[in-house]
Structure formats: C-alpha cells, structure tokens
Visitor: 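This is the structure I want to talk about, given as structure tokens.
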Amino acid sequence: GFRKELVNKLLHLHFRDCKTKVSGDALQLMAEFLRIFVLEAAARGVSQAQAEGLNVVDVDQLEKVLPQLLLDF
Amino acid sequence: KDGLLSEEEFNLWNRLYRLGDSDEVKGVALPRSHFQSLQEDRATQEPTTGIHQLSLSEWSVWQDHPLPTYQVDHSYRCRHFISIMQMIEEMRHEEDECSYELKIRPFLQMEDVC
Amino acid sequence: QRLKAAVHYTVGCLCQEVELDKQMHFSKQTIAAISEVTFRQ
C-alpha cells in the first residue's frame with residue numbers, strides 16, 4: 001500500500017501552512033483510503049474488460065467506469 | 001525513509017510502469033475542469049502531443065445505469081447522476097412535447113414563483 | 001515528479017495484485033491513468 005511518509009508529503013502539497021502536522025492515525029487512514037481507491041478503480045476496470053470479453057484492461061475500459069468511480073469517492 | 005522510491009524501486013518503476021518516448025502514449029492526464037459561468041482567470045491548457053487526455057464525457061451514453069462495483073458501493077451523488085443520465089436518455093427520443101414538463105405542470109402554483 | 005513516480009509505483013504494485021487475483025492484465029497506459037486519477041484525488 002501507500003507509505004505513511006509518502007501520504008504525508010502528498011497532503012503537505014496542499015497545506016497553506018507548512019507547519020501543519022498530520023497524526024499517525026490520520027496518515028494511516030488516508031493511506032488505507034488511497035489503497036481502497038486504487039483497488040476499486042482497478043477492479044471496476046477489470047469488470048468492464050471482462051464484460052467486453054477482453055483479457056487486457058485498456059484506457060477505454062477505465063474511462064467508462066471513471067465518472068461513477070469519481071462520484072463514489 | 002522519506003517515502004520516495006529507493007534505487008531498486010526506481011529501476012523497477014522505470015522498467016515496468018514509466019511511459020516514455022518509446023511508448024505511443026507518452027503520458028496520461030486528467031484535464032482540469034472549470035466553471036463556465038464564472039469569470040475566472042484560467043490559462044487554456046493546450047493538449048500536449050502524445051499525452052492521452054482522460055475524458056469523463058466520452059462514454060456518457062453508458063452512464064444511464066449503475067456499473068458493477070467491487071468493495072465500494074455507489075454513493076447517493078452517483079445514483080443521482082445515473083438517474084439524471086437515464087432521464088436525459090429517455091428525453092433524447094422525444095419530439096415536440098417534453099414529458100417532464102407535462103408531468104410537472106399540473107403542480108405549478110404561480111404564487112410559489114412570483 | 002518524484003512524488004508522482006512514487007504514487008505511480010505504488011499503484012502499479014496494487015494493480016499487479018489485482019492482475020494475479022483476477023487473472024487479467026493492465027496496459028501500462030491504464031496503470032498510468034489510475035495513478036494520475038489517484039494523485040488528483
């Protein structure tokens with residue numbers, strides 16, 4: 001999954017105050033959220049490819065599931 | 001320790017995942033959206049050659065039914081979106097009269113809007 | 001860019017898990033697309 005240090009750096013990209021701290025629990029939760037997001041995107045892409053009888057998930061299959069995926073998160 | 005890639009991981013990324021000049025698609029981007037109705041200063045981003053711009057509207061016709069999920073169910077917002085797309089699809093084939101307007105007009109009370 | 005590369009790498013590893021689980025293959029472009037969307041998310 002996502003390393004806590006990486007998640008911390010990603011969050012800090014958007015903080016106005018660089019002194020903002022994020023607790024370990026919050027980092028762990030965010031890392032888990034990102035992991036679930038990626039797995040969900042991948043799995044839905046697979047679902048779409050399988051429905052089309054393909055064995056490769058290409059960008060087209062991801063684009064088809066993208067609107068609903070983004071709305072679900 | 002800093003959360004970034006180690007040398008080994010970097011080499012793996014470079015070999016397996018990195019898109020480059022030898023690839024037909026050199027990169028993927030999700031275009032930024034903006035509010036059409038707001039007067040915003042926005043620099044129009046010209047699409048770069050070889051970069052695939054992901055589209056949220058290319059497959060809009062497919063969004064009139066819920067697509068399968070895995071571990072995360074569809075949100076209320078998503079279900080709302082799907083029902084609107086469904087309504088749009090049904091209305092696409094209408095001629096002259098609008099069925100939505102016909103259904104809702106009997107309930108209009110002018111004192112509600114004036 | 002280094003942050004994006006780290007995210008891309010992690011996304012690639014997670015997609016690999018899904019590949020093994022579902023016996024499917026992701027194109028490089030699809031992994032890049034999921035990575036871009038995740039970074040923006």
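Letters go in sequence order (proteins before strands), and every chain restarts at 1.
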Visitor: Examine whether an atom of A/Leu10 lies under 4.5 Å from a heavy atom of chain B, and if so say whether it belongs to the side chain, the backbone or both; otherwise answer neither.
Guide: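 For A/Leu10, no heavy atom lies under 4.5 Å from chain B.
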Visitor: So, does A/His12 use its side chain to make a donor-acceptor pair with the main chain of A/Val22 at under 3.5 Å?
Guide: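 Absent.
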Visitor: Does B/Trp59 offer a backbone N or O that forms a donor-acceptor pair with the side chain of B/Gln63 under 3.5 Å?
Guide: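 Side chain of B/Gln63 to backbone of B/Trp59, a donor-acceptor pair under 3.5 Å: yes, one is there.
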Visitor: With chain B, which of A/Gln48, A/Lys4, A/Lys9, A/Arg44 has the greatest number of heavy-atom pairs at distances under 4.5 Å?
Guide: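 Top count of heavy-atom pairs under 4.5 Å with chain B: A/Arg44.
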Visitor: Taking A/Gln68 for its side chain and B/Pro66 for its backbone only, find out whether a donor-acceptor pair lies under 3.5 Å.
Guide: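 No, the answer is negative, given that no donor and acceptor are paired below the 3.5 Å cut-off.
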Visitor: With respect to chain B, which residue among A/Leu6, A/Leu71, A/Asp72 yields the maximal number of heavy-atom pairs within a distance under 4.5 Å?
Guide: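 When all of A/Leu6, A/Leu71, A/Asp72 are compared, A/Asp72 has the most.
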Visitor: Sort out for me which of B/Val28, B/Thr69, B/Leu30 touches chain A most, counting heavy-atom pairs under 4.5 Å.
Guide: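 Heavy-atom pair counts peak at B/Thr69.
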Visitor: Which region of B/His52, side chain (C-beta onward) or backbone (N, CA, C, O), has a non-hydrogen atom less than 4.5 Å from a non-hydrogen atom of chain A, or is it both or neither?
Guide: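 Only the side chain of B/His52 comes within 4.5 Å of chain A.
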Visitor: Among A/Arg3, A/Glu5, A/Glu63, which has the most heavy-atom pairs under 4.5 Å with chain B?
Guide: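 Sorted descending by pairs with chain B, the first entry is A/Glu63.
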Visitor: If you count every heavy atom of other residues, nucleotides or ligands that lies below 6.0 Å from B/Glu24 atom CD, does the total exceed 12?
Guide: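 Counting neighbours around CD of B/Glu24, 12 or fewer heavy atoms of other residues, nucleotides or ligands fall under 6.0 Å, so no.
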Visitor: Could you look at B/Glu58 and say if it's the side chain, the backbone, both or neither that has a heavy atom under 4.5 Å from chain A?
Guide: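 The side chain, not the backbone.
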Visitor: Grab the two heavy atoms, one from A/Met30 and one from A/Val7, that are nearest each other, plus how far apart they are.
Guide: CG-CG1, 3.5 Å
Visitor: What part of A/Leu69 gets closer than 4.5 Å to chain B, counting heavy atoms only: side chain, backbone, both or neither?
Guide: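 Neither; nothing under 4.5 Å.
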Visitor: Does any backbone or side-chain atom of A/Val65 lie under 4.5 Å from a heavy atom of chain B? Answer side chain, backbone, both or neither.
Guide: both
Visitor: Could you go step by step and tell me if B/Gln71 and A/Glu40 meet the side-chain hydrogen bond (donor to acceptor under 3.5 Å, both in side chains) rule?
Guide: CA-CA 7 Å; B/Gln71 290 176 331; A/Glu40 191 69 27; over 6 Å; no
Visitor: Quick check against the 3.5 Å criterion: does B/Asn11 have a side-chain atom that pairs as donor or acceptor with the backbone of B/Glu7?
Guide: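 Yes, the answer is positive, given that a donor and an acceptor are paired below the 3.5 Å cut-off.
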Visitor: Considering only heavy atoms, which portion of A/Phe73 lies under 4.5 Å from any heavy atom of chain B: side chain, backbone, both, or neither?
Guide: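 A/Phe73 touches chain B through side-chain heavy atoms alone.
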Visitor: Okay, side chain of B/Asp23, backbone of B/Gly20: is any donor-acceptor separation there less than 3.5 Å?
Guide: yes
Visitor: Hey, which of A/Leu62, A/Asp60, A/Val46 has the most heavy atom pairs under 4.5 Å with chain B?
Guide: A/Asp60
